[in-house]
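The analysis underlying the following values was restricted to heavy atoms, covering all of them including side chains, and did not include hydrogens, waters or symmetry mates. For ligands, and for the atoms within them, numbers begin at 1 and follow the listed sequence.
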Amino acid sequence: MINVVMFGPPGAGKGTQAKLLSEKFGFVYVATGDMFRNHIKNETPLGKLAQFYIDKGDLVPDEVTVNMIKEEITKNPEASGIIFDGFPRTIVQAEVLDELLKDNNQKIDAVFALEVPEEVLIQRILNRGKTSGRKDDTDPRTIKRRLEKYHTATEPLKKYYDEKQVLHSIDGLQSIDEIHRLISEIIEHIQNGDGR
Ligand code: ADP
């Protein structure tokens, strides 16, 4: 069982890579953004709460996010691996995740940080907004707020995971195939037991 985190700012390509990896390795794919959007679509109480934050470009409070993800982790005991996309996004979330995994004798094995310059991110998000139907992808002010939140709340996780020696920094301007190849190689190393 291996646990992998796709890390990076909005628009970095986490979802694209996570989907390719889950197909290749058969990992369970857990994307908090998708989970929230499902709740919003189904008009659940959690969805209504999440939408309030998401529409402003803010993070959903840790407590709400953590409760939602707990179920997801315990739901898939026989998976060969889990790939997290959009989670954790704060130090608190990362600490809770570590605790949850530890209870099952597991840990985060690799964090792939996709590095992309801000002006490229904004272009990518605006492009995606033309077809995604996501309100948070069309308003430049919301996009700016999401990027700010990334820097203040999420980016400190790089240090957190670097200290645990699981962080892999990847140039997110490379082609989708090349990034996929690089990440796959690292995961294969981990699966073969030869480490970082
Ligand atoms: P992106 O990575 O492009 O920002 P996501 O689909 O991952 O898109 O997330 C969309 C929104 O959902 C975020 O802007 C945030 O409001 C909320 N969200 C997703 N994951 C989390 C999380 N782990 N903690 C708090 N809020 C989250």
> What are the two closest non-hydrogen atoms of Ser184 and Phe25, and how far apart are they?
Replying inline: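 In this case the closest contact between Ser184 and Phe25 is O-CZ, 3.8 Å.
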> Ala50 and Phe36: which non-hydrogen atoms are nearest, and at how many Å?
Replying inline: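 Looking at all heavy atoms of both residues, the shortest contact is CB-CD2, 3.6 Å.
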>> Using a 4.5 Å cut-off between side-chain heavy atoms of Ile, Leu, Val, Met, Phe, Trp and Tyr, which other residues end up in the same hydrophobic cluster as Leu126?
In response: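 Noted: Leu126 shares its cluster with Val116, Val120, Leu121, Ile122, Ile125, Ile143, Leu147, Leu173.
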Got a salt bridge between [X] and [Y], using NZ or NE/NH1/NH2 to carboxylate O under 4.0 Å?
X: Arg37; Y: Asp34; answer: yes
X: Arg146; Y: Asp137; answer: yes
X: Asp109; Y: Lys107; answer: yes

Against heavy atoms of [X], which atoms of ligand 1 measure under 4.0 Å?
X: Gln93; result: 22 (C), 23 (N), 24 (N), 25 (C)
X: Arg37; result: 6 (O), 10 (C)
X: Lys14; result: 2 (O)
X: Arg128; result: 3 (O)
X: Phe87; result: 23 (N)
X: Thr65; result: 22 (C), 23 (N), 24 (N), 25 (C)
X: Thr32; result: 19 (C), 20 (N), 21 (C), 23 (N)
X: Asp58; result: 15 (C), 16 (O)

>> Check this for me - ligand 1, Leu59, N or O atoms closer than 3.5 angstrom, yes or no?
In response: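 In this structure, Leu59 places no N or O atom under 3.5 Å from an N or O of ligand 1.
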> Would you say Pro10 has any N or O atom under 3.5 Å from an N or O of ligand 1, going by distance alone?
Replying inline: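 No; every N/O pair is 3.5 Å or more apart.
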>> I'd like to check Glu71 versus Met35 (side-chain heavy atoms, cut-off strictly below 4.5 Å). Are they in contact?
In response: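 Not in contact.
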>> Quick check: do Phe52 and Lys48 have side-chain heavy atoms less than 4.5 Å from each other?
In response: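 Of all side-chain heavy-atom pairs linking Lys48 with Phe52, none is under 4.5 Å.
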> Any side chain to side chain donor-acceptor pair (under 3.5 Å) pairs touching residues 81-92, not counting sequence neighbours?
Replying inline: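 Counting only pairs at least two positions apart or across chains, the side chain to side chain donor-acceptor pair (under 3.5 Å) contacts touching residues 81-92 are Tyr29-Asp85, Asp62-Thr90.
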Where is the nearest protein heavy atom to [atom]: which residue, which atom, and how far?
atom: atom 27 (C) of ligand 1; result: Phe36 CE1, 3.6 Å
atom: atom 26 (N) of ligand 1; result: Val60 N, 3.0 Å
atom: atom 10 (C) of ligand 1; result: Arg134 NH2, 3.6 Å

>> Out of Met6, Arg145, Arg124, Arg89, who is nearest to atom 1 (P) of ligand 1 when you count heavy atoms only?
In response: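 Looking at heavy atoms only, Arg89 sits closest to atom 1 (P) of ligand 1.
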> Should one rank Ile54, Asp55, Asp137, Ile69 by closest heavy-atom distance to atom 17 (C) of ligand 1, which comes out on top?
Replying inline: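 Result: the heavy atom closest to atom 17 (C) of ligand 1 is in Ile54.
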>> Distance check, rounded to the nearest 0.5 Å: Thr142 atom OG1 versus Ile54 atom CD1?
In response: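 Here the interatomic distance stands at 11.5 Å.
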